Peer 1: 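One structure, as structure tokens, below. Some questions next.
Within every chain, numbering begins at 1; the chains are lettered A, B, ... in the order of the sequence lines, protein sequences first and strands thereafter. All values derive from a computational prediction rather than experimental measurement.
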Amino acid sequence: MPFDDVLAAYDPALGLEVHVELNTASKMFCGCPAVFGGEPNAGTCPTCLGLPGAMPVVNGKAVESAIRIGLALNCDIAEWCRFARKNYFYPDMPKNFQTSQYDEPICFDGYMDVDVDGETYRVEIERAHMEEDTGKSLHVGGSTGRIHGADHSLVDYNRAGIPLIEIVTRPILGAGEKAPEVAKAYVAQLRELIVALGVSEARMDQGNLRADVNLSLSPKGSGALGTRTETKNVNSFRSVERAVRYEMQRHAVILSGGGSILQETRHWHEDTGITTSGREKSDAEDYRYFPEPDLVPVAPSREWVDELRETLPENPTVRRARLQADWGFSDMEMRDTIGAGALGLVEETIAEGAAPQAARKWWLGELARRSNEDGVDIVDLPITPADVARIQALVDEKVVNDKLARQVFEGVLAGEGSPDEVVEKRGLAVVSDDGALGAAVDKAIAANPDVADKIRDGKVAAAGALIGAVMKEMRGQADAARVRELILEKLS
Amino acid sequence: MSNLTRSTAAALADGLAAGEVTSVELTEAHLDRIDAVDGAVHAFLHVDRDGALADAADSDARRARGEARGPLDGVPIAVKDVLATRGLPTTCGSKILEGWVPPYDATVVARLREAGLPILGKTNMDEFAMGSSTEHSAYGPTRNPWDLDRIPGGSGGGSAAAVAAFEAPLAIGTDTGGSIRQPGAVTGTVGVKPTYGGVSRYGLVALANSLDQAGPVTRTVLDAAMLHDVIGGHDPRDSTSIQQEWPSFTEAARAGSTGDMSGVKVGVITELAGEGWQAGVMARFQESVDLLVKAGAEVVEVSCPSFVHALATYYLILPAEASSNLAKFDAMRYGLRVTPEGNPSAEEVMRATRDAGFGDEVKRRIILGTYALSSGYYDAYYGQAQKIRTLISRDFDAAFADVDVLVSPTAPTTAFKLGEKLDDPMAMYLNDLATIPANLAGVPGISVPNGLADEDGLPSGFQVLAPALADERVYRVGAALEALYADQWGGPLLDKAPALAGAATAEVK
């Protein structure tokens, strides 16, 4: 169904649940390193393995991070809250309950203002709560890597117990046609905030930031909420946008055909751009929550909360205005930079020494194109702001020209090393040595006697053809300005 | 030193300090006693002869260097099988944990090791501490040394019987609704449930986290106090453990042993008497109260009206917490694994394992708890139970505003016969009527032997409860009562128990 037809008939209601994996040194409830990866199950202890008798102890740093996230999202911070057990059986969950928070989240009633194409949408935050991650199952055998059809499964509990903050929005209504963009912009802006807070590595491709997208449609103007689906683990900004768009269309087709939406969780398929049915999830699914009796309540003092408030990064709206003024960007340039999810990247690139326009040019040009082509979020491209600043410096130092710079980008993105290494390995440095250039110029003049005559007659504009010939001869690695000077000298 | 197994831990400590005996000698004596009588009693699920003797030898070497770590260094101990012991099997009396050897020590166990107490072995218990008779152990019941046809109480029947049968001078128990105190009462031994948070629960395989507390199982009040001084105190690994300095309980017990009760105001709990309470138990209780009065105590009657709801409250909170705690036993990482025919899913393996690995009582409580926590029932059951729990705490607060300690019989009856209540869960649950309120409120309690009931000649127990954090009061009053009885009886109550060794072993085998 065309997207416009969907919008003519239905209002979308969006909801986003984002899990942020904190970068604390130790896990949520034990002293094991909070680092996923490495030798499987090496980073575990009786507590995070759920061995009989082991007990949890709350990680104070994780509480601090939770409060800072809550404050940055304009939330109230609970004076007193508890952890709760969420009971369900799953092989990668050591205790068969997840220690989470239920009706007493540490942060609640906040909001974030999200900019989309120059308009601001206020996304209301229902809650942000603390919980622990589960282990990770690896299904061996079978073709899909999924549990069905596997010969056997292995579980790595290194991730079990890593602190997570789950940030839940209230239903986002009234976004209409912008719903997919609002969803994307919310996740992108949330990530920017998390990065500024320094509480997580916040890499979506690494699973540090995981988004679940809830969506429902209701007949236009009805004001009611329809039946929702929850699409799990959508792991890039553009996938968030695509998943919302896809689900809006899928729902609309079913509803307009007289069908009804099954309340369920769905899986997002990055490659095909569709969602498929996961397990049915009714509201009757009963996690039998009750307060975790092995932990005492968390009661952050108001003094501590005030101290943490002082550590918050600049308010995003104020920050944007400041950066725009500092950089001298037009409104359009600023909006495009934000829209591309490149604000932080541009800022860091400038901090590494690049001029604002140069930084913007590369991120919104060459790199935005690559991100689109590869279907990878721009922040997840394998290149750092420092690399970009260095490439621009190479251009400024005339080591490479713009055209060669693109090859340097290609090399860095291909994992060939730092910009300098790529220049070295690919032999990309511009030749400005008069000896080598002079020989090439002589050759070009000899091969194009009629062009040379024109120049001798004062038609200086014709020099372009000779410059082109020289550049071709030098495989683009010639200093074009110097070539032009040499041609004019020789033919004057 | 003669009679190594019949000596109190305090006397053994003195003997070790005086060089009259070595830890190896007395550890060996207890291991031999276990060999002789445990076939009949079945107090132990696992005996660690080699480990205990090695620990004893280390202790003797330390002492020879003048580096003894404390008075109990070298005095052996038995540990209830619900506490994790590094390198020693820990089954919680369940098939589902058969063969599991923990890679870590519970904090209580670590403190025993640090204090130099050789660990004789692990004692029998009702499966996951659910029961009042030790008949729910998957490894067969423990028998009461006073009468091998009778139950030793539960869930810590193994620890109480081990101490009563002179197989160990000291033992560790855990008390969720009376599992230290009720076995103490029916075996003529001493049991203490400390203030909730007074002893670390780290490594104690939780039955009900908000009720569980580990504590001493001994033959004298002084021994219990000395052991409490070793295992108690704050543990950063247990968030519910109390951060404070505790007074010396050994000193409190010594102070009480003068038998002087002047200045102590004692409250008799009205609600813990009446129909269903054995006449002989009530007679002994009244005598104990009279003894305290004679020793100078002021005694008043105190009503705790909410206590009549304690049992119902307990049987909602406990199963709720237990149903969640026991979810971890799923065959994925340790313990029993039952793999059904065909190509079973993980879920099917979990189901088959839990079906085969848990006993009926455990299943009963998992079902109860799952129900009580279910959406739509939570408020009516778990939520309501928490409110009544608060009322019970308030009853204690009100009572302790007026009196120093509260007293009652520890259990309504003496030891019943094996099998007698096995098919009647309600009758079994009623055994803990008097002990449960202390767990719900977190207050400390002791059970002290106070004689034999006339009807059956079996031991009864006297319970003393004190306000939270005032554990020293239960030691002081308990030691006083013990001293008053010692004068009356001319020796400990256990001297009246029938001999066990040899004949009894052969008979039962």
Side-chain angles (χ1 to χ4, degrees), chain A residues 29-31 41 44-58 83-99 102-103 135 137 139 141 147-155 157 160 282-298, chain B residues 82-84 90 92 97 100 102-107 128 197 200-206 208-212 235-241 317 320-321 323-335 343 345-347 349-351 354 369-376 378 382-383 386:
Chain A
F29 299 115
C30 64
N41 297 310
T44 60
C45 73
T47 295
C48 59
L49 278 179
L51 293 191
M55 294 178 71
V57 176
V58 176
F83 285 93
R85 292 185 181 181
K86 181 181 184 179
N87 293 288
Y88 64 101
F89 282 83
Y90 206 78
D92 64 16
M93 200 163 53
K95 297 166 291 182
N96 285 322
F97 60 79
Q98 182 188 29
T99 308
Y102 180 48
D103 50 358
S137 300
H139 305 295
I147 193 161
H148 294 294
D151 288 337
H152 63 279
S153 303
L154 300 170
V155 187
Y157 294 102
S282 66
D283 278 337
E285 183 159 13
D286 191 350
Y287 292 118
R288 288 170 285 118
Y289 282 101
F290 72 105
E292 168 55 79
D294 275 340
L295 291 172
V296 292
V298 174
Chain B
V82 73
L83 288 147
T90 299
C92 300
L97 270 179
W100 183 57
Y104 78 106
D105 274 332
T107 296
F128 288 110
S200 170
R201 289 187 297 112
Y202 185 79
L204 190 177
V205 181
N209 323 57
S210 72
L211 302 164
D212 295 341
D235 175 13
R237 287 205 262 214
D238 173 1
S239 303
T240 65
S241 98
I317 291 171
E321 294 181 9
S323 68
S324 171
N325 292 331
L326 296 176
K328 65 169 67 75
F329 301 100
D330 64 0
M332 293 297 115
R333 295 165 304 281
Y334 45 76
N343 185 22
S345 66
E347 208 166 82
V349 171
M350 289 181 185
R351 192 177 294 128
R354 291 168 65 82
T370 303
Y371 186 76
L373 288 175
S374 294
S375 147
Y378 181 95
Y382 188 78
Q386 292 294 5

Peer 1: Do the side chains of A:Arg288 and B:Thr370 get nearer than 4.5 Å, heavy atoms only?
Peer 2: yes

Peer 1: Give the C-alpha distance, both sets of side-chain angles, the deciding distance and a yes or no for side chain to side chain contact (heavy atoms under 4.5 Å, CB included) between B:Arg237 and A:Met55.
Peer 2: CA-CA 7 Å; B:Arg237 287 205 262 214; A:Met55 294 178 71; over 6 Å; no

Peer 1: Once you round to the nearest 0.5 Å, how far does OH of A:Tyr289 lie from CG of B:Leu373?
Peer 2: 13.0 Å

Peer 1: Any non-hydrogen side-chain atom of B:Glu347 less than 4.5 Å from a side-chain atom of A:Phe89?
Peer 2: no

Peer 1: To the closest 0.5 Å, what do you measure between CG (B:Leu326) and NZ (A:Lys95)?
Peer 2: 14.5 Å

Peer 1: Roughly how far, to the nearest 0.5 Å, is the OG atom of B:Ser239 from the CG atom of A:Leu295?
Peer 2: 5.0 Å

Peer 1: Does the side chain of B:Arg333 pick up a donor-acceptor pair with the side chain of A:Asn41 at under 3.5 Å?
Peer 2: no

Peer 1: Between A:Val296, A:Val57, A:Asp294, which shows the greatest number of heavy-atom pairs under 4.5 Å with chain B?
Peer 2: A:Asp294

Peer 1: Is any side-chain heavy atom of A:Pro91 closer than 4.5 Å to a side-chain heavy atom of B:Met350?
Peer 2: yes

Peer 1: Just verifying a value: how many Å separate B:Ser323 OG and A:Asn87 CG, rounded to the nearest 0.5 Å?
Peer 2: 6.5 Å

Peer 1: Between the main-chain N or O of A:Pro56 and the side-chain N or O of B:Tyr202, is there a donor-acceptor pair closer than 3.5 Å?
Peer 2: no

Peer 1: How long is the span from the NZ atom in B:Lys328 to the CE atom in A:Met93, to the nearest 0.5 Å?
Peer 2: 12.0 Å

Peer 1: How about B:Tyr104 and A:Cys45: do any of their side-chain heavy atoms sit closer than 4.5 Å?
Peer 2: no

Peer 1: B:Ala327, B:Gly335, B:Ser374, B:Gly203: which one forms the most heavy-atom pairs within less than 4.5 Å of chain A?
Peer 2: B:Ala327

Peer 1: Please classify the contact between B:Ala320 and chain A as side chain, backbone, both or neither, with a heavy-atom cut-off of under 4.5 Å.
Peer 2: backbone

Peer 1: Measure across A:Arg85 and B:Glu321 and return the closest heavy-atom pair with its distance rounded to 0.1 Å.
Peer 2: NH1-O, 4.0 Å

Peer 1: Just verifying a value: how many Å separate B:Tyr378 OH and A:Phe290 CZ, rounded to the nearest 0.5 Å?
Peer 2: 8.0 Å

Peer 1: Would you check if B:Val82 and A:Pro52 make a side-chain contact, meaning some heavy-atom pair closer than 4.5 Å?
Peer 2: no

Peer 1: Ignoring hydrogens and geometry beyond distance, is a side-chain donor-acceptor pair present between B:Ser375 and A:Asp286 at under 3.5 Å?
Peer 2: no

Peer 1: Counting only non-hydrogen atoms closer than 4.5 Å, does B:Pro102 touch chain A with its backbone (N, CA, C, O), its side chain (CB onward), both, or neither?
Peer 2: neither

